Amino acid sequence: QVQLVESGGGLVRAGDSLRLSCAASGRAFSSYGMGWFRQAPGKEREFVAAFSWSSGNPGYADSVKGRFTLSRDNAKNTVYLQMNSLKLEDTAVYYCAVKSRVGSLYNARLYDYWGQGTQVTVSS
């Protein structure tokens with residue numbers, strides 16, 4: 001069993017930065033990967049960024065490349081999402097998730113464990 005607790009969301013202005021944290025318990029770091037998705041009102045949940053444990057490398061959605069950075073602290077079982085140069089369109093509920101099945105990092109159906117979500121709101 002894996003439990004995920006997100007934190008770090010909030011209300012910021014366009015151009016500001018935020019760092020999201022996801023603390024994992026259980027066997028999150030022995031799964032296939034771990035990362036973040038987001039869902040804006042009226043839209044489907046979309047991939048943001050995730051680590052593949054097999055390669056150790058992160059993958060990013062095109063919309064956040066160059067602005068968001070994924071990092072991890074193995075000792076704390078925590079993954080971080082540093083979000084810089086935030087835009088209005090980054091407004092969403094951000095979910096941490098653990099990928100427990102083989103396949104593409106970008107496929108939400110391969111993630112079986114999800115956090116409760118943290119709201120990120122970017123204002124003009």
Side-chain angles (χ1 to χ4, degrees):
Q1 189 70 16
V2 174
Q3 292 183 325
L4 304 170
V5 179
E6 302 118 329
S7 61
L11 172 63
V12 296
R13 291 184 179 272
D16 286 350
S17 298
L18 273 177
R19 189 177 80 157
L20 304 183
S21 301
C22 178
S25 63
R27 303 179 63 182
F29 279 43
S30 61
S31 61
Y32 288 99
M34 184 171 170
W36 296 89
F37 286 74
R38 68 186 181 186
Q39 188 166 18
K43 295 189 177 180
E44 293 187 355
R45 190 168 297 189
E46 65 173 1
F47 173 82
V48 177
F51 276 116
S52 166
W53 296 146
S54 60
S55 69
N57 296 322
Y60 297 95
D62 288 343
S63 58
V64 306
K65 279 181 182 176
R67 300 189 299 120
F68 290 12
T69 303
L70 202 59
S71 62
R72 61 182 175 176
D73 185 333
N74 290 345
K76 295 182 179 180
N77 282 350
T78 299
V79 168
Y80 303 97
L81 183 67
Q82 178 66 43
M83 306 186 294
N84 298 331
S85 302
L86 282 162
K87 303 177 180 180
L88 298 180
E89 52 264 39
D90 293 319
T91 295
V93 177
Y94 284 69
Y95 296 91
C96 179
V98 168
K99 183 172 175 288
S100 51
R101 289 180 258 179
V102 176
S104 170
L105 269 181
Y106 304 91
N107 186 350
R109 296 179 182 180
L110 303 180
Y111 292 74
D112 286 327
Y113 302 99
W114 295 82
Q116 80 283 359
T118 185
Q119 177 71 47
V120 172
T121 303
V122 184
S123 66
S124 59

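A quick note: this is a predicted structure, and the numbers were derived from the prediction, not measured.
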Do the side chains of [Y] and [X] get nearer than 4.5 Å, heavy atoms only?
{"X": "Phe51", "Y": "Leu105", "answer": "no"}
{"X": "Val64", "Y": "Leu81", "answer": "no"}
{"X": "Leu70", "Y": "Trp36", "answer": "yes"}
{"X": "Trp53", "Y": "Arg72", "answer": "yes"}
{"X": "Met83", "Y": "Asp16", "answer": "no"}
{"X": "Tyr113", "Y": "Gln1", "answer": "yes"}
{"X": "Phe68", "Y": "Asp90", "answer": "yes"}

Ring centres under 6.0 Å, that's the criterion: do Tyr111 and Phe37 meet it? yes
Linked, directly or transitively: Tyr106 and Tyr95 (ILVMFWY side chains, under 4.5 Å): yes
Does one hydrophobic cluster hold both Leu88 and Val12, with members joined at side-chain heavy-atom distances below 4.5 Å? yes
Considering all heavy atoms, the nearest [X]-[Y] contact:
{"X": "Ser104", "Y": "Lys99", "result": "O-CE, 3.3 Å"}
{"X": "Met34", "Y": "Cys22", "result": "CE-SG, 3.6 Å"}
{"X": "Gln119", "Y": "Thr121", "result": "NE2-OG1, 3.2 Å"}
{"X": "Leu20", "Y": "Gly9", "result": "CD2-N, 3.6 Å"}
{"X": "Ala92", "Y": "Ala40", "result": "CB-N, 3.8 Å"}
{"X": "Leu18", "Y": "Val120", "result": "CD1-CG1, 3.9 Å"}

Hey, is the main chain of [Y] close enough, under 3.5 Å, to the side chain of [X] for a donor-acceptor pair?
{"X": "Glu6", "Y": "Gln116", "value": "yes"}
{"X": "Thr91", "Y": "Val122", "value": "yes"}
{"X": "Arg101", "Y": "Asp112", "value": "no"}
{"X": "Arg13", "Y": "Ser123", "value": "no"}

Roughly how far apart are Ser25 OG and Gln3 CD, rounded to 0.5 Å?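 Output value for this atom pair is 4.0 Å.
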If you round to the nearest 0.5 Å, how far is OG1 of Thr69 from CZ of Arg19? 11.5 Å
Counting only pairs under 3.5 Å, give me each side-chain donor-acceptor contact of residues 41-49, with atom names and distances, residues two or more places apart or in other chains.
residue : atom : partner : partner atom : Å
Glu46   : OE2  : Arg38   : NE           : 2.6
Glu46   : OE2  : Arg38   : NH2          : 3.1

Can you list the residues that meet the salt bridge (charged side-chain N to carboxylate O under 4.0 Å, His left out) rule with Lys65, with sequence neighbours excluded? Asp62
Under the disulfide (SG to SG under 2.5 Å) rule, what pairs show up with a residue in residues 45-79, not counting sequence neighbours?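 Disulfide (SG to SG under 2.5 Å) check on residues 45-79 returns no pairs.
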